[in-house]
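For reference, the structure discussed in these notes is given below.
Chain letters run A, B, ... following the sequence lines, proteins first, then strands; residues in each count from 1.
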Amino acid sequence: MAEVIKTGTYICKGCDLGHRLDTDQLENIATGEGGAVLAKQHDFLCSQVGVEMIREDIDKGEINRLVIAACSRRAKTEAFRFDDIAMTRVNLREGVIWIRPETDEAKETTQEMANDYVRMGCTEVKFMHTPDPSHEQTLNKHILVVGGGYTGMTSALESSKAGYLVTIVEKSDSLGGTAGKLHKKVPTHSPYRDPEDTGVTELTALIAADPNITVHLQSKITNTEGAPGRFTVSISAESGNTINETFGSIIQASGFTAYDANQLTEFAYTDNADVITQLELEALAKEASGGAIKRPSDGKEVERVIFVQCAGQRSQKEGHLSYCSGFCCNTSIKQAMYFKDSNPDIYTNVIYTDLRTPGAGGEDFYRSGQDKGITFTKGTVNTIANNNGNLSVNYKDIILDEDSTLDVDLVVLATGMIANSGVNIDAVKEDEDADSTEVAVPVESILNLQYRQGPDMPQLVNGFVDSHFICFPYETRRTGIYAAGPVRRPMDTKQAADDATGAAMKAIQAVENAGKGRAAHPRSGDLSFPSFRKEGCTQCKRCTVECPFGAINEDEKGYPQYNESRCRRCGTCMGACPVRVISFENYSIDTVGQQIKAVEIPEESEEKPRILVLACENDAYPALDMAALNRVEYSPYVRVVPVRCLGSMNTIFITDALNSGYDGVVMMGCKKGVDYQCHFVKGSEMAHYRLSKVADTLQTLNLEEERVAVHEVAITDIKRAPQLIDDMAKTIEEIGLSPFKF
Amino acid sequence: MATKEYSFYPGCSSQKGASSSNYLISVETLCEELDIKLNTIPDWNCCSASIGYSGGGELPRLALSARNIALSEQHHGGQDIVATCAACWLATREAAERLDENADLMAETNEALKEVGLKLEKNETKIRHMTEVLIEDFGYDELGKHVKKPLEGMKIAGYVGCQTNRPFGIAGESFENPKYLDKLVETLGAEPVEKYDKKVSCCGGALAFSEPDKSQALVKDIIEAAYDGGAEMIVTPCPVCQMNVEVYQDQINATYGTKFKMPVVYYSTLMSVAYGRNAKESALDGQIIKAKKLEEIAAK
Amino acid sequence: MSDVVATNQTILVVGGGISGMTAALEAAETGKQVILIEKRPFIGGRVTQLYKYFPKLCHPTCGMEINQRRAKANTNLTILTLAEVSDISGTEGDYTATIKMQPRYVNDNCTACGACNEAVETEFDNDFNYNMDKRKGAYLPYNNAYPQQFVLDSRIIGTDDADKAKAACKYDAIDLDMQEETLEIKAGAVIWATGWQPFDAAKIQPYGYDRIDNVITSVEFERMMDPFGPTGGKILRPSDGKEAKDIAFIQCAGSRDRNYLRHCSRICCMASLKQSTYVREKYADEGKASIYYIDIRAIDRFEDFYQKVQDDDNVTFIKSKVANIVEDKKTGNPVLNGVNTEGYHRYSNPHELVVLAVGMEPSVDKDIFPVEIVLNNNGFIEADNKNGGIFAAGCASDALDVNRAVQNATASALRAVQVVNRVARAED
Amino acid sequence: MSDLNTQLVEKYRNNFLQEVKDNVEEGDWVKMCMQCGVCSGSCPMGPYWDHPPQEIFMMIRANKREEVLSSNSMWMCTSCYNCIARCPRELPITHIMHGLAHYAKRLGLAPKNQPTIKFSQLFWDNLMKKGRVNELKLGLSLYFMNGFAEGVKKAWKMKDIGLGMTLTRRLNPLEILGGHGVKDQTGFQNMIKKAQELEAARIESSVKK
C-alpha cells in the first residue's frame with residue numbers, strides 16, 4: 001500500500017531567523033521542490049502556541065511527515081517532541097545564521113544555505129518512517145549470573161531483591177570463589193581499623209534461602225545464543241547433564257586467576273616453601289584461625305615476615321603484569337594484621353614502592369596498620385635466598401638509598417590478578433593473520449557465545465573485558481551481557497560488591513528494554529532497528545564483520561541475521577554494506593543520500609563551491625552547534641549532515657556527492673583506537689578503514705585526493721571543527737572547483 | 001570593665017636584671033592601662049624551656065611545669081595561668097596536655113610532686129600567653145580604645161617567630177601567616193609590613209649560644225626581610241626572639257657586611273607608648289638598639 | 001514547576017553531577033519515575049569544568065552530551081535545577097522531601113538566543129571558572145549547559161540590568177517576579193549524589209595559595225586549558241599573564257593530612273599525571289612538569305598511564321611532601337622548599353607556576369542533613385542499613401574517580417529500584 | 001651507663017623501633033611516619049642535619065641503633081615546631097628529637113664535643129641549682145665550657161653585647177653572687193631527683209621485661 005506523503009514544514013522566525021532570512025522563500029521551497037503539503041511560518045515556533053499549531057495539524061491528519069525549520073535538533077528538543085510522526089529538524093539557527101556574519105555581502109550565500117537545508121530536510125523526511133519495534137521483543141525477567149564468587153553472589157542477591165529470577169552457574173563445587181578462600185577481608189566500614197569477616201557464609205546462606213535464585217555448581221556454560229530477552233543458554237554439569245534455559249540478560253562474573261608466582265624465579269617461589277603468595281597466606285591464616293600462623297616448610301610459628309609488594313606487577317619485564325592490581329597494598333596490611341593481632345611482637349615489614357590505599361577507608365587502614373606496629377619500607381626487593389632454613393630478603397631501601405638484607409621466616413608475595421575473560425577473540429583473529437611463533441595457551445571459553453565474532457566478550461586493555469571505561473563503565477560490546485568484578489578491572493571485594501550491584505542494574509535494564517524493543521545505551525530508547533533487503537544482499541559479510549556489537553549473525557547461506565535487541569542502532573552495518581541494502585526506518589541510505597542530492601549545486605561560473613560535511617551527531621555536530629553559540633563563522637558553502645556515527649557513513653555518500661558536483665567532502669568522527677571516544681566503539685575506526693579505499697574511486701573519477709578529508713573531531717573542538725571546514729574551502733580554492741558540475 | 005585577674009608565670013628571663021626584664025616592665029605598664037591584675041605564682045620555678053633535654057629527661061621536665069601548675073591551682077584556683085615568655089607558655093601548656101593524655105606520666109609526676117608537698121589535682125588550668133589574653137579577652141577594638149598617641153607614620157614588621165605560633169598559636173590564626181601582630185600594629189596606628197616572608201621563621205634562639213653562626217644566619221634573613229618590606233622596627237611577642245634578633249646585629253654586620261640597626265621591641269612596649277606612657281614605663285631604655293621613633297612619640 | 005508529580009514509587013535523586021545523572025538515567029531507563037534535583041542552574045556537576053579525563057584523555061563533554069541526550073529523550077525523568085533539598089521526612093518507601101527552588105528569572109520560553117546577555121552590562125565573578133574571570137548578570141553557564149536556558153544572576157534583580165534583560169527578550173522568557181518556591185514531593189527512595197568540593201587551598205598555609213599569585217589549584221588549571229575558559233586555553237601565570245612552561249604539581253594538597261583531610265582523595269595523582277600531559281600538549285619540548293608526591297596512586301590500567309608519563313624526560317618525579325613555598329619577589333616564581341626523601345636531597349626549586357592537587361571534600365553537610373544518616377570520619381556517607389531508603393552515590397560515598405563514581409551510582413540506582421519495586425509489589 | 005647500653009642492645013636486638021617506643025619520649029609515634037619528608041624540608045637548621053627527622057625514623061625502623069644515637073642530628077633541633085605543625089601524621093617530631101637526644105646522652109652514645117649537648121646540660125645544671133636559670137652564670141659557664149683560654153676569647157668577643165645588656169639593665173653582674181631562686185631548694189631538688197629515679201627505673205625495667 002503506497003503511503004501518501006504529506007509533509008508539513010514549519011518555519012520559525014524567532015531568534016532573528018525572520019530578520020536574517022527570507023522565510024517566504026523558504027516556505028516556497030518547502031511547498032515547491034520540497035513537496036510539502038503545507039508550510040507555515042511562526043514567530044516563535046517553540047512556544048506553546050507554535051507547538052500546538054503543529055500538534056493540531058498532526059492530529060487532524062493534515063500531515064504525516066514533519067519538518068521543523070528552526071534551531072538545532074539539540075535545542076528545544078523537549079518542546080519539539082512528536083514521537084508519533086516521522087520528523088526532522090532543519091538547523092537554520094546554529095547551522096546558518098549564527099555562523100554567518102550579518103552583512104549585505106553574506107546575505108545571498110546565507111539564504112542559499114538556508115534554502116538548501118530546507119530542501120534537505122524536506123527530502124530526508126520523505127524517506128523516513130516512524131520507528132516501530134519489530135515485535136521480536138520478549139520480556140524475560142530471568143538473569144543468568146556466570147560465576148558464583150563474591151561478585152556473582154552479590155549480583156544474584158541484588159537482582160533478586162529487585163524482583164528478578166536468577167540462575168548462578170559456578171564451575172567449582174561451592175559458592176564463594178576467591179573470597180571464600182580468604183580468612184578475612186579488608187574492612188568496608190568505618191573506622192576501617194581491623195580486618196572484617198568476609199561475609200561469604202552469610203551470602204551463601206542468603207542465596208540458599210532465596211526462592212528467586214537457582215544455583216548450578218560444578219557447571220559451565222557450553223552454549224549461549226540469542227539476544228537480550230531471549231538468550232538460550234546450555235548449562236552443562238560435570239556429571240554430564242546439560243540443561244537449556246532462556247534468560248533475559250547475563251552477568252559475567254568470572255573473576256580472576258592469581259598470577260603464577262612460579263614465574264618469579266628471583267623470589268625463589270618455586271624452590272622455597274616459605275615464599276608464598278597472598279592467597280596462600282590466606283589458607284595458612286584460615287588454618288591458624290586467629291592463633292599463631294605456622295610456616296609451610298617446618299610448621300614453625302612465624303616470627304618475622306616480609307610482604308613483597310608488586311611482585312611481578314607494575315613491571316615491563318617479560319612475563320610480568322604491566323598494571324597494578326590495586327587490592328594488594330590493602331591486602332598486605334590486612335595480612336600483616338593477621339600476625340600483629342595474634343602477637344604484636346611478630347615482626348612484619350611491607351616493602352613497597354608506592355603504597356596505594358586510596359579513598360576514605362584506605363588511609364585509615366594504612367594508619368591502623370602502622371599503629372599496630374607494621375613496618376613499612378619504601379624499597380624494591382631484588383632477590384630472596386635461602387639462609388640456613390630461613391630466608392634472606394635482599395632489597396634496596398629507597399629512602400636510605402642502600403642495599404640491605406633482612407632475615408625472616410616467611411615471605412609473602414603480593415602477586416596480581418589476571419582476568420578470567422575467556423577467549424581473546426581479537427588475538428584469535430590476529431593469529432589467523434600472522435604466523436605467530438608463540439605457543440598459545442588454550443583458553444577455555446566462558447560464555448561460548450554463538451556469535452559471528454567469537455565466543456567471548458571482547459577484551460580491551462590488559463586482558464580485562466572491554467568497557468567504555470570512564471563515563472559508561474558497564475557498556476560492553478555485547479549487548480545484554482555485563483561484566484562485573486575483577487574480570488572487568490582489578491578490584492577488591494568492596495568495589496566488587498558495588499560493581500556487582502551496578503551490573504545487576506544494567507542487566508535488569510537490559511531485560512526491561514528488550515521487553516519493549518528499546519535500544520540499549522547510548523541510543524537508549526530508540527525503537528528503530530536495521531533491516532535489509534534480502535534480494536539485494538550478496539552475502540559479503542561486511543555487516544557482520546563490522547558490527548561493533550556482534551549483533552549480526554549469519555545464517556547457513558551467509559545472509560545476515562539481525563538480532564534486534566543486540567543492536568545498538570549505530571548504523572555501522574548500513575555504512576558497511578557495499579550494495580546498500582541495510583536501513584533503519586528513520587535513518588537510511590536514502591535519508592542521508594537523498595538529502596545530499598537535494599542540495600542545489602550552483603553553476604561552475606557562479607564560483608560557489610559546495611562542501612559536504614558528514615558529522616557524527618554525538619561529538620562533531622554538537623561541536624559545530626557550540627561554535628555557533630559562540631558565533632564562530634565558517635564557510636557558507638558547506639552543507640552539514642549529521643550521522644548517527646561516522647561508522648554509518650557509506651562510501652556511496654561520497655561518490656554520490658562528488659558525482660553530483662560537490663567540490664569537497666569532510667568527515668568528522670570520533671577518536672579511534674585503544675582510547676577510543678567513539679560511542680559505538682568501532683564505528684569511527686570502520687569509517688576510516690572504508691575511506692582508505694575511497695582513494696581508488698577518486699582516481700577513477702580523476703579527482704584530487706584532497707577533496708575528501710576525514711578527521712577525528714572531539715566535542716570540544718569548537719574552534720577546530722569550523723577551521724577544518726574552512727581548510728577544505730581553502731583547499732578547493734587552491735585546486736579549483738569540481739569538474740562534475742552539471 | 002572589671003579588673004581581670006590572672007595567675008602570672010613571669011619566667012626566668014623576666015626577672016630583675018635578666019635579659020627580658022624590660023619586657024616585664026612594659027607588660028606591667030600595659031596591665032595598669034587595661035586594668036589587668038597579674039598574681040604571680042608564688043615560688044615558681046624554671047620551665048627548662050625547650051633546651052633542658054640534655055640533662056633533664058621527660059619526667060623531670062614535666063615535674064618542673066607540674067610544680068608551677070600545681071602551685072597555681074593551690075594559690076590562684078580558677079585563674080588562667082598567663083605567661084609572657086613564649087617558651088614558658090609552651091612548656092607549661094605542653095606539659096599540662098601531655099599529663100592529661102598519659103595517666104602513667106601523671107601518676108609518676110604526682111609522685112615526684114609529693115617531695116614538695118604538692119599534687120596536681122585537676123590539671124584543668126588554662127595556660128595562656130599574654131597576647132592571647134589581649135586578643136581574646138579584650139579584642140582589637142578594646143585595645144584600640146586606649147590609644148592616646150597613635151604610632152602614625154611608622155612601618156613595623158610583626159615578627160611572630162616560633163613558639164607563640166606553633167604548635168598552638170593564637171586561635172583563628174594560621175601557622176604560616178598569623179596576622180595578629182599586624183592587626184595590633186594597625187590598632188596602634190602604625191602600618192604593618194604586608195607579606196613579611198620571615199614572619200614565622202625561626203631565629204635559632206635555642207642554639208644562639210651553642211651554634212651562633214647558624215643562628216645568626218637565620219637572624220640575618222629575618223632582619224633583611226624586614227628592611228626589604230620597608231620596616232623601621234620589628235615587634236615581637238617572644239623574649240628569645242627579641243634578644244636574639246636585637247643583640248647580635250653588630251656581629252652579623254661584621255660577618256655579612258650588612259649595616260643593620262633595626263630596633264626590636266616587644267608588643268608591650270609598642271602598646272605602652274601608644275597608650276601614652278613615658279619611655280621608662282614603656283621600657284624603651286631597655287633597648288640596646290634604641291627605638292628612637294618611639295622615644296620621640298613617648299616624649300611628646 | 002509545581003506540577004511535579006511524584007509518588008512513593010518515585011526515586012528522588014539529589015545532585016545532578018555525573019553520579020546523580022547516572023543514577024537517575026539508569027533508573028529512568030529501567031522504567032522508573034525519577035526526579036533529579038540540582039542546586040546549580042545546569043546539570044553535569046564538576047566534570048563539566050574539567051578539560052580532559054584520565055586515562056583516556058578524552059573530554060567530559062563527550063559523555064555528558066550522551067547523558068544529556070538520554071535525559072532529553074526520557075519522559076520518566078524530571079529535572080529541577082536551582083533546587084535543593086531542605087528537609088526529608090518519612091521512612092524507606094515513603095519519604096516526603098521539601099525542595100527549595102531558587103528563581104532562575106528565566107522560564108521555559110527561553111530559546112538561548114543570547115539577547116539578554118548582550119543587553120546587560122554588570123559583570124560578576126564567574127564561579128564556573130573558579131572566579132578567574134567575569135561573566136555578565138544574564139548568562140549561559142557554559143557552552144553545553146543543559147537546560148539550555150539563560151540565567152539571571154539574582155544580584156541584578158532590581159537594577160537597570162534586569163529591566164534591560166527583560167526588554168531585550170522577545171519571547172517573554174524573562175520573569176523578574178519569580179520567587180523562591182518550596183515544593184514537597186513524595187519518594188520511595190532517595191539517592192544522595194551531592195558530590196564533592198575542592199578542598200579550600202587557602203587553608204594549606206605552607207603553600208601560600210592566598211599569598212602567592214602563581215600558586216593555583218588543579219581545578220583552576222583545568223579551566224585554563226579550556227579554549228573557552230578564563231585564559232582562552234592558555235596556561236597563564238596569574239601574576240603577570242605570561243605563559244608558564246615549567247610547572248610544579250604538588251600532590252596531597254589537603255589530602256592524607258591530619259591538618260586537613262585525613263583521607264586520600266584518590267583522584268589527585270592521576271589528575272596531576274594527566275595535567276603533566278597538558279603541559280606537553282601546549283609546549284611540546286619546552287614544557288616541563290615536576291610532580292612532588294608521597295606515593296603515586298595509579299591503580300590498574302592507570303599504572304600504564306603512569307608508566308607513560310614516567311617515560312617522558314620532561315616530567316620529573318620528586319618523592320617529597322613539599323615543606324613550603326615562598327615567592328621569589330623578582331621573578332614571581334614560587335620557590336618550593338623540601339627534601340627529596342629518596343636518599344635525602346634538599347631542594348629549593350623555583351618553578352613558573354605551581355598547581356596544588358587539591359583533595360576532595362565531600363559535600364555532605366552533616367549539620368544540615370535532614371534525616372539521620374551514617375557518616376564516617378571523613379564525612380562520606382557509609383553504606384549502612386540504618387540509612388533506610390537513602391543511598392549515597394558517587395563522591396558522597398567515597399573519594400572516587402569518574403568511572404568508579406559512575407559504577408557506584410549505577411549500583412545505587414538498583415538499590416533505589418529495589419525499594420520502589422517493593423513498594424509497587426506491596427501496592428499491587 | 002654503658003652497662004645499661006649493653007643490656008639494652010641485648011634486650012632489643014633487631015628491634016630498635018621497639019626500644020624507642022619503650023624508652024624514648026614520644027617514641028611510640030615513630031611507627032606512624034609515612035616518609036613524606038615534610039619535617040626534613042621544614043627544619044630551619046635543615047642543611048646541618050646529617051640525617052633529617054624522617055630519615056632518622058626510617059633508620060630506626062631499619063634498626064640502625066648506633067648510627068641514630070651517635071648522630072649529631074637531633075642536637076640541631078631549634079624547637080621551632082615547624083615539623084610538628086606540618087606533619088600530616090601528627091608526629092610530635094620536636095619532642096621525639098629531644099627524646100632521642102636525651103636517650104643518646106643518657107646511654108653515653110651522644111657525640112662528644114657537640115656544643116648544644118654541652119649548652120643544654122649547662123642550662124639544666126644551672127636551673128637545678130636554684131630552680132631558676134641564672135643567665136649570667138649560664139653565659140659564663142658557656143663561654144668556658146671548652147676551657148679557660150677559649151672562654152676568655154669568646155667572652156671578649158661577646159663583651160659588647162654583655163655591656164649593652166648591662167647598660168640596659170638586662171644583665172646584672174651582681175647575679176654572680178647569688179641571684180634568683182625558689183625558696184624550697186631542697187624540696188625542689190628532691191622532686192627532680194625523684195622524677196629522675198622514676199624515669200631511670202622505667203628504662204631499667206624495660207630491660208628486664
Side-chain angles (χ1 to χ4, degrees), chain A residues 14-15 44 46-47 75-78 158 161-163 189-191 314 322-324 326 354-360 362-363 398-399 401 461-462 469-474 489-490 498-499 501-502 504-506 508-509 512 522 524-525 618-619 622 626 629 671 675 677 679 714-716 718-719, chain C residues 26 29-31 53 56-59 61-63 65-66 70 72-74 109 111-113 143-144 148 170-171 227-228 256 262-264 266 295-304 307 341-343 376-378 380 382 398-399 402-404 406-408 410-411 413-415 417-418 421 425:
Chain A
C15 292
F44 181 18
C46 62
S47 65
K76 289 285 170 191
T77 315
E78 295 89 336
E158 295 297 330
K161 269 196 232 169
H189 291 93
S190 190
R314 299 181 59 204
S322 71
Y323 54 90
C324 160
D354 291 287
L355 204 79
R356 295 179 167 174
T357 54
E363 205 62 15
I398 297 175
I399 298 294
D401 196 22
V461 175
N462 302 328
F469 200 71
I470 300 175
C471 299
F472 310 108
Y474 292 103
R489 59 187 300 187
D498 256 7
D499 203 41
T501 311
M505 173 80 265
K506 295 302 291 188
I508 286 167
Q509 192 183 75
E512 293 297 328
S524 324
N618 307 302
D619 291 74
M626 286 185 255
L629 190 70
K671 189 172 174 197
D675 289 332
Q677 289 168 30
H679 290 282
I715 191 164
T716 45
I718 299 172
K719 289 177 177 162
Chain C
E26 296 303 343
E29 287 179 3
T30 308
Y53 280 146
K56 289 169 72 173
L57 297 179
C58 50
H59 302 276
T61 323
C62 166
E65 170 74 11
I66 295 288
R70 291 165 75 188
K72 290 176 201 174
N74 201 308
N109 280 355
T111 67
C113 72
N143 275 327
N144 208 27
Q148 198 188 25
K170 293 178 190 152
Y171 310 105
F228 288 85
R256 299 182 68 187
R262 290 173 61 88
H263 61 269
C264 161
R266 189 190 308 266
D295 295 285
I296 293 288
R297 294 185 160 170
I299 279 170
D300 66 46
R301 73 183 266 200
F302 297 169
E303 174 68 19
D304 298 337
Q307 289 296 334
T341 61
E342 290 190 349
N376 60 33
N377 296 333
N378 308 294
F380 296 101
E382 292 263 300
D398 199 350
V402 172
N403 65 84
R404 288 190 65 153
V406 170
Q407 176 189 336
N408 178 266
T410 310
L414 180 60
R415 292 172 186 130
V417 166
Q418 288 165 353
N421 279 2
R425 284 200 296 274

Q. Taking C:Phe228, C:Tyr171, C:Tyr53 one by one, which has the highest count of heavy-atom pairs under 4.5 Å against chain A?
A. C:Tyr171
Q) Closest approach of A:Gln677 and C:Leu57, non-hydrogen atoms and distance? A) NE2-O, 3.9 Å
Q) Which atom pair, heavy atoms only, marks the closest approach of C:Arg425 to A:Ala162? A) NH1-O, 3.6 Å
Q. Relative to chain A, which of C:Cys113, C:Ala413, C:Pro227, C:Gly31 shows the most heavy atom pairs under 4.5 Å?
A. C:Cys113
Q | Residue part contacting chain A, namely of C:Ile296, when any heavy atom lies under 4.5 Å | A | both
Q. Between A:Asn462 and C:Asp304, do the side chains contain an N or O donor and an N or O acceptor separated by less than 3.5 Å?
A. yes
**Q.** Per-residue contact mode, A:Ile470 against chain C (heavy atom under 4.5 angstrom)
**A.** both
Q: Could you tell me which of C:Lys170, C:Glu382, C:Lys72, C:Arg297 has the largest number of non-hydrogen atom pairs under 4.5 Å with chain A?
A: C:Arg297
Q | Cation-pi geometry met for A:Arg489 and C:Phe302 (6.0 Å, 45°) | A | yes
Q.
Does any backbone or side-chain atom of A:Cys46 lie under 4.5 Å from a heavy atom of chain C? Answer side chain, backbone, both or neither.
A. side chain
Q) Which of the residues C:Asn421, C:Asn377, C:Thr111 is involved in the greatest number of heavy-atom pairs with chain A at under 4.5 angstrom? A) C:Thr111
**Q.** Nearest non-hydrogen partners of A:Cys324 and A:Pro490, listed with the distance
**A.** O-CG, 3.8 Å
Q.
Measuring from atom CG of C:Asn144 to atom CD1 of A:Ile718, what distance do you get when rounded to the nearest 0.5 angstrom?
A. 7.5 Å
(Q) If we define contacts as heavy-atom pairs under 4.5 Å, which of A:Gly359, A:Gly326, A:Gly502 has the most with chain C? (A) A:Gly359
Q: Select one option (side chain, backbone, both, neither) describing which atoms of C:Phe380 are under 4.5 Å from chain A's heavy atoms.
A: side chain
Q: Please name the pair of heavy atoms, one in A:Phe469 and one in C:Asn403, separated by the smallest distance, quoted to 0.1 Å.
A: O-CB, 2.7 Å
Q. With a 4.5 angstrom heavy-atom cut-off, which part of A:Glu512 approaches chain C: side chain, backbone, both or neither?
A. side chain
(Q) Walk me through whether A:Ile508 and C:Thr30 qualify under side chain to side chain contact (heavy atoms under 4.5 Å, CB included). (A) CA-CA 7 Å; A:Ile508 286 167; C:Thr30 308; 3.8 Å; yes
Q. What part of A:His679 gets closer than 4.5 Å to chain C, counting heavy atoms only: side chain, backbone, both or neither?
A. side chain
Q | Basic-acidic side-chain contact under 4.0 Å: C:Arg415, A:Asp498 | A | yes
Q: Considering only heavy atoms and a distance below 4.5 Å, find which of C:Arg256, C:His263, C:Arg301 pairs most often with chain A.
A: C:Arg301
Q. Using non-hydrogen atoms only, which part of A:Ser322 is less than 4.5 Å away from chain C: side chain, backbone, both, or neither?
A. both
Q) To the nearest 0.5 Å, how far apart are CD in C:Glu303 and CZ in A:Arg314? A) 4.0 Å
Q: Look up atom NZ in A:Lys719 and atom CE in A:Met626, then write down how far apart they are to the nearest 0.5 Å.
A: 13.5 Å
Q | Side chain / backbone / both / neither for C:Asn378 at chain A, heavy atoms under 4.5 Å | A | side chain
**Q.** Contacting region of A:Asp499 [heavy-atom separation from chain C under 4.5 Å]
**A.** both
**Q.** Region of A:Glu158 in contact with chain C, defined by heavy-atom distances below 4.5 Å
**A.** both
Q) Relative to chain A, which segment of C:Val417 carries a heavy atom at a distance below 4.5 Å: side chain, backbone, both, or neither? A) side chain
Q) Of C:Ile66, C:Thr410, C:Val406, which meets side chain to side chain contact (heavy atoms under 4.5 Å, CB included) against A:Phe472? A) C:Ile66
Q. At a heavy-atom separation under 4.5 Å, does C:Gln148 approach chain A through its side chain, its backbone, both, or neither?
A. side chain
Q.
Between C:Glu26 and chain A, with a heavy-atom cut-off of 4.5 Å, which part of the residue counts as in contact: side chain, backbone, both or neither?
A. both
Q. Top residue by heavy-atom pair count (under 4.5 Å) with chain A, among C:Gly63, C:Ala298, C:Ala112?
A. C:Ala298
Q: Below 4.5 Å from any heavy atom of chain A, which atoms of C:Arg262 appear? Answer side chain, backbone, both or neither.
A: both
Q) What part of A:Asp619 gets closer than 4.5 Å to chain C, counting heavy atoms only: side chain, backbone, both or neither? A) side chain
Q | Region of A:Tyr474 that comes under 4.5 Å of a non-hydrogen atom in chain C | A | side chain
(Q) For the interface with chain C, which of A:Thr357, A:Asn618, A:Asp401, A:Val461 has the highest count of heavy-atom pairs at distances below 4.5 Å? (A) A:Thr357
Q. Which atoms of A:Lys671 come close to chain C, meaning under 4.5 Å heavy atom to heavy atom: side chain ones, backbone ones, both, or neither?
A. side chain
Q. Can you find a heavy atom in the side chain of A:Lys506 that is under 4.5 Å from one in the side chain of C:Leu414?
A. no
